[in-house]
Amino acid sequence: MREIVIALVIRGLERLAQEGVLPPELARAFAERSAEFKVERPREKTHGDFSTNAALVLARQAGMKPRDLAQRLLDAMAADPASGVRCTIAGPGFLNFYLSEERLRQLIPQILQLGSKYGQTQVGTGERILVEFVSANPTGPMHVGHGRGAVTGDAIARLFAAIGCQVEREYYINDAGTQIDVLGRSVLFRYRECLGYPASAPADYYPGEYVTEIARALIERDGERWLSASERDGTRATLERPPEAVIDFAIDWVMQEIRADLELMQIRFDRWFSERSLHREGGIERALSHLSQQGWLYEGVLEPPKGREVNSDEVDGRKQLLFRASRFGDDADRPLLKADGTPTYFAADIAYHFDKAQRGYTRLVDVWGADHGGYVKRVEAALEAMTGRKGLLDVVLTQMVNLTQGGKQVRMSKRAGTFVTLRDVVDETGADAVRFWFLTRSSGAGLDFDLDLAKSKSNDNPVFYVQYAHARVCSLEVKLRERELEDVAGDLARLTAPEELDLIRLLGLFPETVESAAWSREPHRVTYYLSDLAAAFHGYYNQFRILDEDPQVRGARMALVRATGRVIANGLDLLGVSAPESM
RNA sequence: GCGCUCGUAGCUCAAUGGAUAGAGCAUCGGCCUUCUAAGCCGGUGGUUGCAGGUUCGACCCCUGCCGGGCGCACCA
């Protein structure tokens, strides 16, 4: 719908350029959405369906008063009244556009014809985007925080795809490092215990029940193979360094669980990228030597952080390999090798992002938990150092999820082993509720997830509210058949009520909502839109009898209702939520 | 102390630099003999944390305070 107005403005700009009032490049910049002025939706209804601030923004450049320029632009657009667009000058120099009722109604057959494609555009054509998300350590089950990142990343990927971008989804498996060793030790500890050779617990281990499950599975496969003689007589503590095969087994087990959890929420990845593969296949050396060639690495001593107590054993003052992150906006330079000579997590992450950068994407999106927020700058710095490009990476941080039940907070702690897993929550409330709910807030805001409310079938539950609107549409279809009413196309001109025209306007807003949600990486805009649309539909449904006696009216209202149902279904699909036909 | 982030109705939160800042919950009051009341309609409720600045125009951008969250050496 917006294209109608955009086309008009472009025509006006081109004509003013011919007349020498405005520079000629403006029209193209505007068409490409790179101009400073734009077509927007006025908040106030009396200001029309669309407005543009072009005259306000360009007045100085044109050496004219805003209202005078607005008049010139208005004349130049030569909006033909027959086109169904009326245009007026208002306020300090806005141009307001009013679509005729006839023009509005034309949207209905358009939506019905486009079907599942309505809402999709091609404005992102040419973009190749990689969305990396979840990337939870394979050291235990996913919790609800991971779930929020999973749902957010997947929705962002869907949004980009909807505006014509090429999108890939990727999961970075942190299957290296000390936490993995801890997992291995934890499994071995339980393994011995299960075999009847109790040992002292390792200094650091995961207490969760799932570790014992892994141990039992290991016994089932390998028997007592991983017990040494000294362990059998209980004289030795659990191995410091578990065998690779045991670690592999544990990682595979956990990753299988994680994949199953993601599958439960309909989340699928195009690629699973292993951190260990970087270590094994020289990826880290390659990335570091690349950085080194550019001169961004050096041997130096790190300044201790200010204003914070640092243990004396933490500060060794040794010379080490550092990356000049501070040259690219980070707060400090960052170490790349641990004291034992193995790469830091950051070094591996540099290598991973180097790999991604070399694959030719136009844009990288990483979805991280907010607790990793302090890490953003250094990765951005590394990417800029490696590619010479700023702004290739967009990091979306998701804030914590606060789980409540019956008004009480449900405490989660991985260390204490008392946490509610994502799967618990999905089993309890369903994937639709989890997905929708996790997208009801901007990702930067904390989120309360009320288990009882998410399950409830009430109007307080936004998921059901929206899904119910769709079910109502379908229910009307059923009623239409049951009563054997003639299903005529109807006369759309019979849709004259303000409620009907407003509903159409709202339907016309959908593609713009999708576009802005995608570019801003804010899926919650779609969620809000759907709640608004559902509210408008419920109101309409309550006030007007859809299955009217008059077949022309009935047909027209059914067309509007079907279009509404279609948009709700398309919107829910972008969030990965189902659109049930009955509830 | 530094960095990131958030401060908007009693609560939880929206609002691509636009015109009179919106929803839901809560609260108060209405609507079922009709297509699903799993719904709808109406009322109450605001100095957008504070102070400056940029702009024709600021919840939004910049600066400084105040307050909450997260992070801050070779943990990931």
For this session: When you get a sec, tell me which of B:A76, B:C35, B:A19 is the closest nucleotide to the side chain of A:Asn137?
Result: B:A76
Seminar exercise, completed: A:Met400 has its side chain closest, among B:C13, B:C70, B:C40, to B:C70
Exercise. Between A:Glu380 and A:Lys377, is the closest basic N to carboxylate O distance under 4.0 Å?
Worked result: no
For this session: Using both distances under 3.5 Å as the test, list the Watson-Crick or G-U wobble partner of B:A58, or none.
Result: none
Exercise. Given B:U34, is OP1 or OP2 found less than 4.0 Å from the side-chain N or O atoms of A:Tyr541?
Worked result: no
Problem set entry | Among B:A14, B:C35, B:U12, the nucleotide that comes nearest once only the side chain of A:Ala445 is considered | B:A14
For this session: Could you verify whether a donor N or O on one side chain and an acceptor N or O on the other, from A:Asn96 and A:Thr88, lie under 3.5 Å apart?
Result: no
Problem set entry | Contact nearer the 5' end of RNA chain B, comparing A:Pro343 with A:Gly446 | A:Gly446
Exercise. Within less than 4.0 Å of OP1 or OP2 of B:A37, is there a side-chain N or O belonging to A:Arg472?
Worked result: yes
Problem set entry | Options B:G17, B:A76, B:U12, nucleotide nearest the side-chain atoms of A:Asp448 | B:U12
Seminar exercise, completed: Its glycosidic angle compared against 90° from 0, B:C28 adopts the form anti
Problem set entry | Phosphate-side-chain proximity, A:Ser442 and B:A14, N/O vs OP1/OP2 below 4.0 Å | yes
Exercise. Nearest to the side chain of A:Ile546, which nucleotide is it out of B:C74, B:C35, B:C13?
Worked result: B:C35
Exercise. Touch check for A:Tyr172, heavy atoms < 4.0 angstrom, all strands: base, sugar-phosphate only, or nothing?
Worked result: nothing
For this session: Starting from the C-alpha separation in whole Å, work towards a yes-or-no answer on ring-ring contact (aromatic ring centres under 6.0 Å, His included) for A:Tyr529 and A:Phe510.
Result: CA-CA 8 Å; A:Tyr529 170 81; A:Phe510 182 57; 5.5 Å; yes
Exercise. Around atom CZ of A:Arg327, are there more than 12 heavy atoms of other residues, nucleotides or ligands at under 6.0 Å?
Worked result: no
Exercise. Hey, does the side chain of A:Arg334 come within less than 4.0 Å of B:A73's phosphate (OP1/OP2), counting only N and O?
Worked result: no
Exercise. If you check every side-chain atom of A:Lys377, which of B:G3, B:A19, B:A73 has the closest atom?
Worked result: B:G3
Problem set entry | Whole-angstrom distance between B:A73 and B:C2, as gauged at atom C1' | 14 Å
Problem set entry | Separation of the P atoms in B:C50 and B:A58, to the nearest angstrom | 16 Å
For this session: Give none if B:A76 has no partner; otherwise give the nucleotide forming a Watson-Crick or G-U wobble pair with it, both distances under 3.5 Å.
Result: none
Problem set entry | A:Asp349 CG - B:A76 C1' separation (whole Å) | 9 Å
For this session: In whole angstrom, give the distance that lies between atom CZ of A:Arg441 and atom P of B:U8.
Result: 13 Å
Exercise. How many Å lie between CG on A:Asn542 and P on B:G42, as a whole number?
Worked result: 12 Å
Problem set entry | Verdict with supporting geometry, A:His470 and A:Phe537, side-chain contact (heavy atoms from CB on, under 4.5 Å) | CA-CA 9 Å; A:His470 184 265; A:Phe537 172 72; over 6 Å; no
Exercise. Side chain of A:Ala339: nearest nucleotide among B:A37, B:C40, B:C74?
Worked result: B:C74
Problem set entry | Gap between atoms CD and P, on A:Glu275 and B:A76 respectively (whole Å) | 8 Å
Problem set entry | Earlier contact from the 5' end, RNA chain B, for A:Leu397 and A:Lys338 | A:Leu397
Problem set entry | Watson-Crick or G-U counterpart of B:C35, or none if no pair lies under 3.5 Å | none
Exercise. What nucleic acid atoms does A:Ser516 come within less than 4.0 Å of, heavy atoms only: base, sugar-phosphate, or nothing?
Worked result: nothing
For this session: If B:A51 has a Watson-Crick or G-U wobble mate with both distances under 3.5 Å, name it; if not, just say none.
Result: B:U63
For this session: Tell me the partner of B:G71, counting only Watson-Crick (N1-N3 plus N6-O4 or O6-N4) or G-U wobble (N1-O2 and O6-N3) with both under 3.5 Å; none if nothing fits.
Result: B:C2
For this session: Select base, sugar-phosphate, or nothing to describe what A:Ser582 touches, counting heavy atoms under 4.0 Å on all strands.
Result: base
Exercise. Is A:Lys356 salt-bridged to A:Asp366, going by a charged N under 4.0 Å from an acidic O?
Worked result: yes
Exercise. What interatomic distance, in whole Å, is found between P of B:U12 and the corresponding atom of B:G17?
Worked result: 26 Å
For this session: Using the P atoms only, state how far B:U54 lies from B:C6, rounded to an integer number of Å.
Result: 25 Å
For this session: Look at all strands and tell whether A:His538 reaches a base, only sugar-phosphate, or nothing, counting heavy atoms closer than 4.0 Å.
Result: sugar-phosphate
Exercise. May A:His524 be described as stacking on the base of B:A14, applying a 5.5 Å centroid limit and a 30° limit on plane angle?
Worked result: no
Problem set entry | Validation row, ring centre A:Phe133 to ring centre A:Tyr171 under 6.0 Å | no
For this session: Once you apply the 3.5 Å cut-off to both distances, tell me the Watson-Crick or G-U wobble partner of B:G42, or none.
Result: B:C28
Exercise. Separation of A:Asp532 atom CG from B:A15 atom C1', in whole Å?
Worked result: 11 Å
Exercise. If you draw the axis of the six-membered ring of A:Tyr298, does the NZ or CZ of A:Arg324 fall within 45° of it and under 6.0 Å from the ring centre?
Worked result: yes
Problem set entry | Face-to-face contact A:Tyr528 to B:A14 six-ring, under 5.5 Å, under 30° | no
Seminar exercise, completed: Of the candidates B:G18, B:A73, B:A76, the side chain of A:Glu40 sits closest to B:G18
For this session: Scan A:Asp548 against the nucleic acid and name what it touches under 4.0 Å (heavy atoms): base, sugar-phosphate only, or nothing.
Result: nothing
Exercise. Would you say the side-chain atoms of A:Thr429 pair up with the backbone N or O of A:Lys455, donor to acceptor, closer than 3.5 Å?
Worked result: no
Exercise. For the side chain of A:Pro335, counting heavy atoms from C-beta on, which of B:C56, B:C74, B:C40 is nearest?
Worked result: B:C74
For this session: Could you work out the separation of B:G64 and B:G71 based on their C1' atoms and round it to a whole Å?
Result: 23 Å
For this session: For nucleotides B:U44 and B:U63, find the distance between their C1' atoms and express it as a whole number of Å.
Result: 39 Å
Exercise. Taking atom C1' in both B:C13 and B:G18, what distance in whole Å separates the two?
Worked result: 23 Å
Exercise. Which whole-number value in Å describes the distance from A:Met142 CE to B:A76 C1'?
Worked result: 17 Å
Problem set entry | Under 3.5 Å donor-acceptor pair, A:Asp333 side-chain atoms to B:A73 base atoms | no
Problem set entry | Nucleotide forming a Watson-Crick or wobble pair with B:A23, both distances under 3.5 Å | B:U12
Exercise. What's the OH-P distance between A:Tyr529 and B:A14, to the nearest Å?
Worked result: 20 Å
Exercise. To the side chain of A:Gln179, which of B:C75, B:G18, B:C74 is closest?
Worked result: B:C75
For this session: Could you tell me whether A:Gly539 contacts a base, only the sugar-phosphate backbone, or nothing, with contacts defined as non-hydrogen atoms closer than 4.0 Å?
Result: sugar-phosphate
Exercise. Do A:Glu477 and A:Arg562 sit within salt-bridge range, that is, some charged N less than 4.0 Å from a carboxylate O?
Worked result: yes
For this session: Quote, to the nearest angstrom, the C1' distance that separates B:C61 from B:C28.
Result: 41 Å
For this session: Could you check how far CG of A:Asp340 sits from P of B:C74, rounded to whole Å?
Result: 13 Å
For this session: Report yes or no: is there a donor-acceptor pair, N or O only, under 3.5 Å between the side chain of A:Asn53 and the base of B:G18?
Result: yes
